Structures are given as C-alpha cells and as structure tokens.
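Predicted, not measured: the structure shown is a model, and the values here were computed from it. Convention: sequence-line order gives letters A, B, ...; per-chain numbering from 1.
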2 protein chains.
Amino acid sequence: MRENKSERIRIKDIAIKAGVSVGTVDRVIHGRSGVSEASKKKVEEILEQMNYQPNMYASALASNKKYNLTCLLPLHTQEDYWMDIEAGMKHAVSTYKDFNIRLNISYYDQYESGAFAEAGKKMIETMPDGVIMAPSSEEETKSTALQLKEKNIPFIFIDSNIKSLNPLSFYGQNSHSSGYFAARILSLMAEHNEPVVIFRLIYGGKLGSNQQRNREEGFREYIRNNCPGIKLYELNFYVKNPENNEKLMEEFFSAHPEVNCGITFNSKAYIIGEYMQKIKRKGFKMMGYDLLRRNVKCLKAGSIDFIIAQQPTEQGQSSIECLFEHLILKKEVKPYNYMPITLISKENIDFYLDAHVRTNNI
Amino acid sequence: MRENKSERIRIKDIAIKAGVSVGTVDRVIHGRSGVSEASKKKVEEILEQMNYQPNMYASALASNKKYNLTCLLPLHTQEDYWMDIEAGMKHAVSTYKDFNIRLNISYYDQYESGAFAEAGKKMIETMPDGVIMAPSSEEETKSTALQLKEKNIPFIFIDSNIKSLNPLSFYGQNSHSSGYFAARILSLMAEHNEPVVIFRLIYGGKLGSNQQRNREEGFREYIRNNCPGIKLYELNFYVKNPENNEKLMEEFFSAHPEVNCGITFNSKAYIIGEYMQKIKRKGFKMMGYDLLRRNVKCLKAGSIDFIIAQQPTEQGQSSIECLFEHLILKKEVKPYNYMPITLISKENIDFYLDAHVRTNNI
DNA sequence: TGTACCTTTGTGTGCGCACACGGATTGATT
DNA sequence: AATCAATCCGTGTGCGCACACAAAGGTACA
C-alpha cells in the first residue's frame, strides 16, 4: 500500500479507516443509493472526523462533466458598462477552462415589454446548469425566476436585485447607499450650500431604471439629513428624444444661471460634460456614474469632477466564480455581494482602468 | 482509440498529429533532453499550430510537486494592516490547497538595522520556491534580493517597491499618486483655503517610511499646483515617545487655533481622531490612511472624515496568486500591480469591511 | 435444494498528465 | 563479428477521483 505523503486525506484513507472500499465511500459522498445504513453511518463519521476535503481538480478530471452557463443581459450596443461585465465573465470562464465550463450570453430589449420573459423562456429551453441575469422589473422577471426555481437551476442577479425572487446570490451595488455617499461628496463641492441640479433620464414617463431611483432617494436622504439648505433642481432628459438634450440644458441654465453644480444617477454624465466643453463653460461641478469611455474622457478633460464606479468587471467575474463554487466546488455562497462604492477622479482613475490587462510602468 | 469529446487538445492529440509518442511530446514540453532535433521541431510546430494548453490540474495531480512559499513581513503585534495582508495570503493559499502549496511567514523588526538581512538569510536557507517580501530600505534589502536572484528564487515586493532590485512583481499602491489624490479631497474640505496641518511620524530623526514621504510629496505637489494659497503646517510625532503626542497636539493647537483641517500619511490617524473625541472638539476635518480598527472607529464616530485604503487583503491574495501563476501555471505575470486608491468615509465603509467574509443583509 | 431477485460491496478503468524504465537504433571500438 | 555506449523513443504506472460492472451475500418462494 502506497502511503500518503501529502497531508491531504483521500477517499482511500477514508475507506481504510472505515473498513470499506473506496466505492462505498464514493457512494456515501455522492449520496448515491446502495449503501447499508451501518456503512453509511460509519463512513459519514470518519468523513466528519477526518474533515475530508475532496480534491476538486481530480474530481473534475474524472467526471468530465460539462457545464453550460447562461447569461441574460439587456441589449447594448457598445455600451461600455455591460461590455465590462461580459469581459469579466469571459475572463473568469477562461480561467476555469479545464472544468469544461461554457458560457452563453443572450440579450433582451429592456425597453420592450415582454422581451425579458421571452428571452428567459428560450434560455430555459436550453437547460443550462446555471444562470446569471440582469433583471428587468419584478413583474417581467418573475415568471422566468419561477421556472428556474422549478427546474432547480440556480440563478444569480447581477447589477440590480429583486430579493423577493430569491436568487442564489446577488452581485451589484447598494444603490441607495451609493447615492447617499455621492451626496456627501457633492456637498463638499457645493460650497456655501449652493444649489444643485439633478439630471435625470426618463423613459415612458418614468425614471429609466430602479438604480436611478434608488440612488436619487439615497442622495436626497443625505441632503435632507445633513444639508437641507441645498436647493435641488431637476432637469429631465428623455431617452426617446436625445436630440432635445442641448435645448433643455440651454433653457435650464438661462433660467437658473446661479446653478453651478450637478449630478446624474444614470451613466450618461457625459451628456452634461460634453455640453459644458462645447459651450466652453468651465468650473461647473459635475458628478456621475460609471466609467464609460465618454465619461472618462470628460473626467480627464475636467468637465466631470467625480464618477462613482461599480466595478462591472468584478461583478461579471465574481458572478461566474459564484456559480463555479456552487456547482462544482459545492461550496456555500454568499447571498449578497455588494460591490464597493468607489470614488473616481482625474487623480486616481489610472488605477481603475483595465486593471486586468494593464502592464504599465507608472 | 478513444476519441476526444471535449475540444481541449491533449498531449495525446499532439503526439498522434506529430507521429510520435506522448513521451516525446512530454519531453519537448518540459524541455527535457533526449529528443532528436527533427522530432523536437515537429512537435513544437504542432504544439504551436494547435495552440496546446496543458491541463494544469491534471499536471499538478500527476507531478505531486510541493511548493514552499515564504513571506517576510515587518514585526507587527495586532497591527491590522499587516494582519489583513496575511489574511489575504492565507485565503489564497487555501484556495490552492490541492496544488500542495505551503506558506511560511516570518518577521523582521523594521526598526532594527540589520534585522531584515538576517531574516532574509534564514529564509533563503530553507530554499523556498517563491518569496513575498515587504522590503525595508534599499540598502537593507539589497543583499537578500541578490541572493534570491542568484538562486533563481522569484520574489515579489509588497506594500512598497524598490524597482532597482528588480522583483518578479510588485503589489501595492502608488504612494505619490495616492497623496496627490488625498490633496484633491482635502482641498475640497478646506473651504476658503484654510490652513492644513500635516501630522507626521518620525523615527530616528527621519520619516518612518518611504510611503509616508512619497505620499507627502504627492500631496504637496497637488497643493502647489492647484491651491497654493493653502498654508501647510507640520506636527511631528515620535515613534519612540508616543506618550508625548497629546502634549504636542495641545501645544500646536493653542499656538494655531485657526487650524481646523489635518492629514496624516501614516496609518495612525486615530491618534488625532481619538484626541479630538477626548477633548470633545467637533468639526476638525481629518484625513488618514488604512482601515485599522481604531481608524474605522474614529471614522464612524465622525472624528476622521476620510480614509484612503490600499486593499491589504487584496494585496496579500494577489501576490500569492501571482506566485502561483508564475510557478505552477508558468504564465507571464505583470511586473507592476498598483492597487486602486480608494476613498472611504462613514457612508461607504460598510462595503469595504471584510468583503471576504461578509454575509450581511443590508 | 435450487432459482430468481434484490441489496450491498468491491474492483477495474480512465480522466490528462509526469516520470521512470526499458527497448530500439546507431556508431564506434575491439 | 561482437561489444559497448550513447542517443532516441515508446510504454507503463500512478496522481485522486467517478462510475460502470461484477461479485457476494441475503431473502423469498417454489
């Protein structure tokens, strides 16, 4: 009998100690049938006692099982944020390539009612082993989530959460806290309690996303609690009529020339930044969200002061890792994973861009 | 012949295509001797052409090689920052447990001349496969680095870098940029260009660490460039005489009652925070570094406004991963890995604490 | 007592790879 | 022609595990 040079406990060690064969131990570990109560109890005892930790690599090698993961995201054409999420997922999948993991990404039109449910149905027909979704509204998402539950397919929400649908896990930012934090920073910029304008993105008469609403709520809560003297204006843009944006801004600023500070809770701060650059207005203090290429450009040009980022790459990567740990390593995973709320300015942005591919020499 | 159901290319596939046996392919891959030029060339061609990617898990399983990694850190008694680094390293090691990686951590007294070199010598005698070090001064560190180079043992610098000693990689923050960024934030807090005091930690007549000096330089550079009107005071604490700290502060603030804003470039901002709480002075605006428990307490109590963190856990984790990729996966690693410069306040700190163990329910 | 059937258990093979061993071929030397 | 060394190459075994298969033991019934 070869002795075990490493300290790691093998199935064989368990088998010897329990006085059975490796086959029996294997059956107990995998909960397969065909084991007497006595043997089962004995083996379970030893497993517990020796704290057996299977070698998942050997396991994956032997089982040769394939895993199909599916991801459902909003349709985006070159929208950096979602592309970063995809990049993070792909990166994680490639590091697990020896575990036979395949990732399939499909899309839904977030502005078309019913699109999510339809895409979800198609997805379920492929019987994936695990799912990652950026949810739509609760009503839209519900049926898909229920079907997944019924088929015992684990699913993760990314970007925004719907707790009532009980996902395996959630990866994203706490929008409310994020708005609250943004307010703290903005209030520093708004000296003498000067007024602030909130730029909003409206679709179909409502705010375009839950995130936007929650962030604004957090923001207003901070202002209410800490600097109620700050007057808040609102300026609404309309997703459907982007060509009107400039006119809206012109109107607003000629009506309120004293406003020198603004924030937006969607990812399109560049609308304002680029406008300020165009009209050559300097010193307007602006905050926004997400490191889209156009936002970064404004940040570096000085037309946006601060951006709050939500680590899309890490979200993507972590969500794949989560499914990996759940499906393959069979570990317990954390139900909530709030990404850090990071403040980015011209001065520290270099350490946030392309952290995964950067090989610079600063 | 069993056919290859997965798309992954195996050694066997290479062997068949090259018209040789797996043994020969194996020899080529590992650069072992005993292969004719003709075979070698042929195999290398096919390897290239089919883009062979070895299954590192199978490889590790078969080779059963053990890796001893060693880490050399400053002596610290419950100093949270270094403990976080250790925790990150241990966490990474545990995820790689099936690769037979062992981590040994040893310490040196950073305030005793010669201690680093001595600890380094002892470490090298154990012939580790890879090393992670928090370097001391360049002179102190040099001999150890040279010996490691000579023995072909890869080493990583963590926390602070000494480029001239040419480590395999570096994980840490860019101190200069970090100070620069801190100045941007502080200048927002210092309305009307009010004066600012820099609290420094002195050891043996000099600043206690490179980091401290570099951060201060970056800070001063920003102030010089952007708000030269801000007057900068200095208040020196002495590592050897902590009992004098309060007295020094009393003296300083009675001489300069108008100073209401301060920053420190070491991790001991809590000295000031706790003092302000003790004398019940509110509203003093304070910035500092690192999420030590005592700093966090002050942050939550409001006696410190902002902390810049440098992700010690991630540093530890990433540095182990780096050695893993270099030694086992034989991948190329990045020579510089600057951690993001993150701004933490009461409002976002919850998303930075214990990110690895948190299972909360915010 | 034999047969059929079920339950319980052990054994063998292969996953992709590393590495030891031994076989084949060649050329040089006696 | 025989011997030997050197070079080159193929095969076999095992890493820890999953899983198929077969063997062993027990029970029921004719």
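Heavy-atom nearest nucleotides on DNA chain D were determined for V35(B) and for L61(A), and the one closer to the 5' end corresponds to V35(B). Nearer the 5' end of DNA chain C, as judged by each residue's closest nucleotide, is the contact made by Q53(B), out of Q53(B) and R27(B). DNA chain D is contacted by both A58(B) and G23(A); A58(B) maps to the nucleotide lying nearer its 5′ end (nearest heavy atom per residue).
With dC17(D), dT9(C), dC17(C) as the candidates, the nucleotide lying closest to the side chain of A62(A) is dC17(D). Distances were taken from every side-chain heavy atom of V20(A) (C-beta onward) to each of dC17(D), dG14(D), dG10(C); the shortest belongs to dG10(C). The nucleotide whose nearest atom lies closest to any side-chain atom of S21(B) is, among dT11(C), dC9(D), dG16(C), dC9(D). Counting only heavy atoms from C-beta on, K65(A) has its side chain closest to dC19(D) among dC17(D), dC19(D), dC19(C).
The two residues S160(B) and F170(B) have their closest heavy-atom pair at C-CE1, 3.4 Å.
Put simply, S36(A) has no side-chain N or O that comes within less than 4.0 Å of OP1 or OP2 on dT8(C). An OP1 or OP2 oxygen of dC17(C) is reached within less than 4.0 angstrom by a side-chain nitrogen or oxygen of Y52(B). S39(B) has no side-chain polar atom (N or O) that falls below the 4.0 Å cut-off from OP1 or OP2 of dC8(D). In this model, the phosphate group of dG10(D) is approached by a side-chain N or O of T24(B) to a distance below 4.0 Å at OP1 or OP2. At the phosphate of dC19(D), neither OP1 nor OP2 sits under 4.0 Å from any side-chain N or O atom of S63(A).
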Let me have the donor-acceptor pairs involving side chains of residues 16-32 of chain A, under 3.5 Å, with sequence neighbours excluded, atom names and distances please.
| from | atom 1 | to | atom 2 | distance (Å) |
| --- | --- | --- | --- | --- |
| S21(A) | OG | G23(A) | N | 3.3 |
| D26(A) | OD1 | H30(A) | ND1 | 3.4 |
| D26(A) | OD2 | R32(A) | NH2 | 2.7 |
| R27(A) | NE | G23(A) | O | 3.4 |
| H30(A) | ND1 | D26(A) | O | 3.0 |

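Annotation: K97(B), atom NZ; neighbour count of heavy atoms from other residues, nucleotides and ligands within 6.0 Å is above 12.
Here dG10(D) presents its C1' atom at 14 Å from CD1 of I11(B), a figure rounded to the nearest Å. At whole-Å resolution of the value, CG in D26(B) and C1' in dG14(D) are 14 Å apart. Straight-line distance from the CD1 atom of I29(A) to the P atom of dG16(D): 14 Å, rounded to whole Å. Y57(B) places its OH atom 17 Å from the P atom of dA18(D), with the value rounded to the nearest Å. Between K12(A) atom NZ and dT11(C) atom C1' the separation is 13 Å, expressed in whole Å. Remark: C1' of dG14(D) and CZ of R10(A) are 11 Å apart, rounded to the nearest angstrom. Remark: P of dA18(D) and NZ of K66(A) are 16 Å apart, rounded to the nearest angstrom. Protein atom NZ of K42(B) is 17 Å distant from nucleotide atom C1' of dC9(D), rounded to whole Å.
Interatomic distance, CG of N161(A) versus CG of N166(A), reported as 9.5 Å (0.5 Å rounding).
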query = Checking ring pair (Phe, Tyr, Trp, His ring centres under 6.0 Å) for the pair Y57(A)/F99(B): CA distance, chi angles, key distance, verdict?
reply = CA-CA 9 Å; Y57(A) 304 115; F99(B) 286 92; 5.0 Å; yes
